[in-house]
Amino acid sequence: MQVRVQSAAFDLGTESASFVASAAGAGAVVTFTGLVRDNGGRLAAMEIEHYPGMTEKAIAAIAEQAMARWSLADALVIHRHGRLAVGEPIMMVATAAPHRADAFAAAEFLMDYLKSRAPFWKKEIGADGVDWVAAKDEDEAALKRW
Amino acid sequence: MQVRVQSAAFDLGTESASFVASAAGAGAVVTFTGLVRDNGGRLAAMEIEHYPGMTEKAIAAIAEQAMARWSLADALVIHRHGRLAVGEPIMMVATAAPHRADAFAAAEFLMDYLKSRAPFWKKEIGADGVDWVAAKDEDEAALKRW
Amino acid sequence: MIEVLYFAWVRERIGLPRERVQTTAATVADLVAELSAREERYALAFADLASLRVALDQELSSFDAPLAGVREVAFFPPMTGG
Amino acid sequence: MIEVLYFAWVRERIGLPRERVQTTAATVADLVAELSAREERYALAFADLASLRVALDQELSSFDAPLAGVREVAFFPPMTGG
């Protein structure tokens with residue numbers, strides 16, 4: 001299990017390749033990558049604030065829950081903070097499991113918890129001004145399925 | 001939408017990176033990769049037979065269904081045939097969408113349909129002999145959720 | 001004349017990947033009966049239709065489907081892709 | 001003495017990322033009441049508790065939780081990770 005919280009950019013290709021290489025024996029690998037969307041050209045950049053210390057702990061706890069709940073060979077979470085340009089990767093999760101159902105379920109679980117339970121706050125810097133992204137009811141509701 | 005049926009190996013890292021690069025504007029990218037499992041050391045290789053002509057058509061039809069059903073920016077399916085060594089990638093799907101729920105659902109849908117509706121047949125070449133992989137009831141049942 | 005294709009263990013049991021068949025069979029089931037009557041290896045391959053699938057002109061179909069106008073019939077076990 | 005941290009728009013409204021607070025508050029809600037009574041900017045930041053979350057020593061908690069033994073309290077809006 002690997003958790004990285006960083007301001008540096010990362011490359012989905014490089015991370016995916018090394019995750020698969022280390023997940024020898026697993027039959028199924030799922031990755032999710034979140035990218036800064038341009039919102040129809042209105043977004044210039046995104047700024048992500050986080051709570052150093054708590055962030056790493058919260059993500060590790062979420063990942064440990066996933067490892068305990070599904071039959072996983074490995075899991076990876078990378079989440080960035082700081083200023084990100086449109087199109088840049090914000091975060092990724094990867095899961096490796098003997099079977100696809102476990103790999104998919106664990107990746108969706110990790111995403112649902114990262115959305116609402118990891119201490120990150122997104123601010124959109126756009127043509128129309130600067131705004132904190134509001135939490136969505138549907139993201140909170142998504143936790144109920146687990 | 002891209003569909004590739006090939007005997008050549010492919011690299012998850014390279015494919016993921018170029019898929020993300022072409023999916024500009026999407027906020028969410030999901031990939032699934034299937035690898036040859038070693039089944040506790042008993043498997044030497046896997047041989048995949050397919051139905052040239054029908055394979056490409058069946059996969060394109062499945063991918064078009066996914067594009068019509070979810071709000072996707074793009075989708076990719078790569079599936080290999082021929083002889084594959086343990087640990088090698090068998091196939092991958094990738095989906096790009098504005099929102100993560102669509103990217104996940106479409107990737108799972110593609111996997112469920114590829115498992116039971118694309119004309120591939122797997123043969124395991126192992127220490128205990130050579131055996132065609134039997135279709136699983138759970139894979140057929142998985143189609144019912146869509 | 002119809003092109004008949006066999007895949008996976010159906011191909012192995014019959015011993016051929018494909019053949020051209022002269023037939024007046026009205027349905028897939030009729031064609032299966034004709035082939036099964038030919039030789040033991042066909043009868044063995046077609047012994048349990050529940051474990052077989054059929055495609056007509058590269059589209060999944062069923063054993064009661066008519067063969068009129070069909071150029072290519074393929075018999076194979078349930079697919080195991082992914 | 002307790003370390004109090006503010007994030008996102010809570011930090012912006014209060015104008016500070018963190019401060020040390022001398023308090024005898026028994027619960028988080030008591031601490032919020034004390035801070036709100038200090039100055040308008042605190043009262044504004046804490047006006048709607050339903051739109052706030054609190055962590056005690058870096059674990060999510062609730063406004064009725066006791067502060068005994070707690071070294072670090074953080075106030076922030078609902079998280080928007082992922």
Side-chain angles (χ1 to χ4, degrees), chain A residues 3 5 32-37 46-63 77-81 84 89-93 107-124 129-143, chain D residues 1-21 27-29 31-32 35 40-82:
Chain A
V3 173
V5 179
F32 176 91
T33 309
L35 305 157
V36 182
R37 256 182 302 156
M46 177 169 274
E47 214 161 273
I48 301 180
E49 185 170 333
H50 79 123
Y51 184 170
M54 178 171 170
T55 310
E56 292 79 0
K57 277 197 255 180
I59 298 178
I62 293 163
V77 177
I78 304 175
H79 204 304
R80 295 175 66 194
H81 55 83
L84 279 66
I90 300 172
M91 50 79 62
M92 75 173 281
V93 307
E108 292 198 60
F109 170 88
L110 287 171
M111 283 310 304
D112 285 352
Y113 272 84
L114 288 170
K115 279 272 166 193
S116 309
R117 291 291 182 273
F120 291 99
W121 299 276
K122 292 194 186 108
K123 191 188 226 175
E124 291 181 343
V130 168
D131 253 319
W132 290 100
V133 173
K136 287 187 204 129
D137 290 343
E138 68 195 66
D139 285 332
E140 189 62 34
L143 295 181
Chain D
M1 290 288 271
I2 222 165
E3 192 80 17
V4 184
L5 283 73
Y6 309 111
F7 291 98
W9 57 254
V10 182
R11 172 180 54 70
E12 291 179 338
R13 281 192 202 169
I14 292 174
L16 281 176
R18 61 198 302 152
E19 61 184 317
R20 310 204 72 187
V21 174
T27 66
V28 176
L31 176 62
V32 166
L35 292 168
E40 186 67 14
R41 58 196 169 110
Y42 289 95
L44 273 172
F46 291 117
D48 176 19
L49 289 191
S51 68
L52 288 181
R53 300 290 179 268
V54 62
L56 302 183
D57 290 332
Q58 308 192 348
E59 294 273 358
L60 275 178
S61 188
S62 60
F63 287 91
D64 56 6
L67 285 180
V70 170
R71 286 161 305 171
E72 188 172 299
V73 178
F75 294 104
F76 42 78
M79 294 156 274
T80 53

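Just so you know, these numbers use all the heavy atoms, side chains as well, and skip hydrogens, waters and symmetry mates. The chains referred to below are lettered A, B, ... by the order of the sequence lines, with proteins before strands, and numbering in each begins at 1.
Other residues, nucleotides and ligands place no more than 12 heavy atoms under 6.0 Å from the CG atom of A:Asp137.
Most heavy-atom pairs under 4.5 Å with chain D: of the set A:Met91, A:His50, A:Lys122, A:His79, this distinction falls to A:Lys122. Per-residue counts of heavy-atom pairs under 4.5 Å with chain D were compared for A:Arg80, A:Met111, A:Met92, A:Lys57; the largest is that of A:Lys57. Ranked by heavy-atom pairs under 4.5 Å with chain D, the first of A:Glu47, A:Lys123, A:His81 is A:Lys123.
Note that D:Arg11 lies outside the cation-pi zone of D:Trp9, set by a 6.0 Å cut-off to the ring centre and a 45° limit from the axis.
Using modelled atom types, one finds a donor on one side chain and an acceptor on the other under 3.5 Å when comparing D:Tyr6 with D:Glu19.
Separation of the D:Phe75 and D:Phe46 ring centroids falls under the 6.0 Å cut-off.
The pair D:Arg13-D:Glu40 fails the salt-bridge criterion, with no side-chain N (NZ, NE, NH1 or NH2) lying under 4.0 Å from an Asp/Glu carboxylate O.
Of the atoms belonging to A:Ala134, it is backbone heavy atoms, and not side-chain ones, that fall under 4.5 Å from chain D. Both the backbone and the side chain of D:Ala8 have a heavy atom closer than 4.5 Å to some heavy atom of chain A.
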